[in-house]
Amino acid sequence: MLSLNFIREHMQEVIDRLAIKNFNGSETIGRIVELDNFRRETQKKLDDIQSQNNQMAKEIGLLFQSGKAAEATLLKEKTGELKTQGKDLDLALENIKKELDDILVRVPNLPHPSVPLGKTPEDNLVVMQEGEILPIAATAVPHWDLTTKYDLIDFITGNKITGAGFPLYKGKGARLQRALINFFLDEAIKAGYEEVQPPYMVNAASAYATGQLPDKDAQMYHVGLDDLYLIPTAEVPVTNIYRDTILKIQDLPVKNVAYSACFRREAGSYGKDVRGLNRLHQFDKVEIVQIAHPDHSYEILEEMRTYVTGLLRKLGLPFRVLKLCGGDMSFTSALTYDMEVWSSAQARWLEVSSVSNFETFQSNRLKLRFKDETGKMQPAHTLNGSALALPRIVAALLENNQTPEGIEIPDVLVPYTGFERIGGKA
RNA sequence: GGAGAGAUGGCAGAGCGGUCGAUUGCGGCGGUCUUGAAAACCGUUGACCUGCAAGGGUCCGGGGGUUCGAAUCCCUCUCUCUCCGCCA
């Protein structure tokens, strides 16, 4: 969430920048400042009463100790009034804080000044494109046909076991998954990330801290009996490692990588977007997370972007990088790059990674801070990115590498798969 | 799941219901000494809210209660440890 002080001191700027995310903040921001003023007033009143209370309690103590019981009793009677006032104020303060917090957690992060204007994905800015976009071969088929042809993924049985969007990977399909996960993890480790294996369920506090709650409540699977959420991305548990943490400046940047299954309800999705591997309820992803000094977070964002495009290059997939426009950015992000790979048989771009800088938006909620050069406490910046999400990578690999002899596995993956081709005589 | 013990500052570990935000040790930081380091010695060392400041307020696992006054008493929840049970 945004910090109250920043909002107070930059009201108009906050409203203007929120508008870039198509969020009309004029009323909300006014209300926030109003409530905060009220909060301060009430707090002050309460503090004064507490102060008087403490003072009197001390005096009473001293009187009793020096044997002046009568005077002490007299003073005791006077504390009743203060107590009632204190209770009322306390209650009022609690209500104000609750209302303030409810509003504050629903205000999105401010976009970085370089974020392009726009409302829809069409307004995103293509910042680079690489790789050859080959014309579609007459015989090329989409991945949902290839997975059936080579018996790699069984959507029907997955549907029987659980439901739509929960595929069953089989044989070389399963091995390809495992190969990709290991390849992505090894590459990240080479790039200096420390591997962690997080829990796949998180509590509400964690989901709030990274911004999934209350914003994306309906997108997460919730286990009601225990009040736990299935993670939509490893970002949630991994970033929450650092909740309520004070880091040393020399520990920055913190670099973590994690593989996890991801669970998303994807309520409201339909049509060609959900066909085959394009959109699933459960999928695999390797996620990179960094915690950075605010002075360097944008350099690190570029570093992460370069890292991810490097992976795509190694896999031999044509890709492009988009800088998301205000309207297409997530609630929590200040600047996001999306990486998309070209799927030849579908003749469309598929999003396979999203790399974002959240600046202090998450760390404010996380209470993730570090002591800076001057010994002052300040919130760190958090960043993360997919490196990478598997399903659409698999889709693109299958579609782009299909030949009459079968599907060719990229050289970098062969040591991981143990086979060079799917189908044919191999 | 059953029985018991516990939860205090970065860590360890004190704390008769009344100047306790908290003794002490370690660690950290600064200094003296030293060519440098170690050792020794001296000093310093929690977070948050509010205020220009002085100051005031809150925090001893979370929440509630008793009391003029709670780290200290009571209730409750959570977690940890030990033992038993069950089990990948």
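Lettering of chains follows the sequences in order, A, B, ..., and the numbering in each one begins at 1.
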Legend entry - Partner of A:K255 under salt bridge (Lys or Arg N to Asp or Glu O under 4.0 Å), chosen from A:E303, A:E195, A:E194: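 Only one option passes, and that is A:E303.
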Inset, instruction - Tell me yes or no: between the side chains of A:D47 and A:Q43, is some donor less than 3.5 Å from an acceptor? - result: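 There is such a pair between these side chains.
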Inset, instruction - For RNA chain B, produce a single dot-bracket line, 5' to 3'. Pairs: Watson-Crick or G-U wobble, both distances under 3.5 Å. Symbols: ( ) within strand, [ ] crossing, | other strand, . unpaired. - result: ((((((((.[[[..)..(.....]]]((((((.......))))))(((((....))))).[[[[[..)....]]]]])))))))....
Inset, instruction - Identify which nucleotide among B:rA47, B:rG18, B:rU50 has an atom closest to any side-chain atom of A:M377, counting heavy atoms from C-beta outward. - result: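 Looking only at side-chain atoms, A:M377 lies closest to B:rA47.
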Inset, instruction - Go through B:rC49, B:rG57, B:rC68 for me and flag the one nearest to the A:Q50 side chain. - result: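 Closest nucleotide to the A:Q50 side chain: B:rG57.
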Between [X] and [N], is there a contact of a side-chain N or O with OP1 or OP2 at under 4.0 Å?
X      : N      : value
A:R40  : B:rG51 : yes
A:R369 : B:rA47 : no
A:K83  : B:rG69 : yes
A:N54  : B:rG57 : yes

[atom1] spacing across the pair [N] / [M], given as an integer number of angstrom:
N      : M      : atom1 : value
B:rC81 : B:rA70 : P     : 33 Å
B:rC33 : B:rC20 : P     : 37 Å
B:rC29 : B:rA54 : C1'   : 28 Å
B:rC73 : B:rC16 : P     : 9 Å
B:rA22 : B:rC59 : P     : 14 Å
B:rG61 : B:rG6  : C1'   : 11 Å
B:rC75 : B:rU66 : C1'   : 10 Å
B:rG43 : B:rC49 : P     : 32 Å

Whole-Å gap separating [atom2] ([N]) and [atom1] ([X]):
X      : N      : atom1 : atom2 : result
A:D251 : B:rG10 : CG    : C1'   : 13 Å
A:M56  : B:rG56 : CE    : C1'   : 17 Å
A:K58  : B:rC20 : NZ    : C1'   : 11 Å
A:L46  : B:rG57 : CG    : P     : 11 Å
A:E94  : B:rG63 : CD    : C1'   : 11 Å
A:D101 : B:rC48 : CG    : P     : 18 Å
A:K45  : B:rG56 : NZ    : C1'   : 17 Å
A:L74  : B:rC68 : CG    : P     : 14 Å

Legend entry - NZ/NE/NH1/NH2 to OD/OE distance under 4.0 Å, A:K44 and A:E41: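 Salt bridge: no.
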Legend entry - Presence of salt bridge, A:R39 and A:D36, under 4.0 angstrom: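 A salt bridge is present here (some side-chain N lies under 4.0 Å from a carboxylate O).
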Legend entry - A:L75 or A:D48, whichever maps to the more 5' nucleotide of RNA chain B: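 Of the two residues, A:D48 wins.
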Legend entry - Residue mapping more 5' on RNA chain B - nearest nucleotide basis, A:Q55 or A:K87: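 Comparing both residues, the 5'-ward one is A:Q55.
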Legend entry - Rounded distance (nearest 0.5 Å) linking atom OG1 of A:T417 with atom CD1 of A:I409: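 Here the rounded value is 5.5 Å.
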Legend entry - Point-to-point distance, once rounded to the nearest 0.5 Å, from CD of A:E287 to CZ of A:F184: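 So the CD of A:E287 and the CZ of A:F184 are separated by 12.5 Å.
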Legend entry - Residue of the set A:E235, A:R243, A:H381 for which side-chain hydrogen bond (donor to acceptor under 3.5 Å, both in side chains) holds with A:Q362: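 Exactly one candidate clears the test, A:E235.
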Inset, instruction - Test the A:K172-A:F419 pair against the cation-pi criterion, namely NZ or CZ under 6.0 angstrom from the six-membered ring centroid and within 45° of the ring axis. - result: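 So A:K172 does make the cation-pi contact.
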Inset, instruction - May I ask you to verify whether the side chain of A:D47 and the base of B:rG57 hold a donor-acceptor pair under 3.5 Å? - result: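 Side chain to base: no pair present.
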Inset, instruction - Test side chain to side chain contact (heavy atoms under 4.5 Å, CB included) on A:Y169 and A:L176 and set out the steps. - result: CA-CA 9 Å; A:Y169 299 89; A:L176 179 60; over 6 Å; no
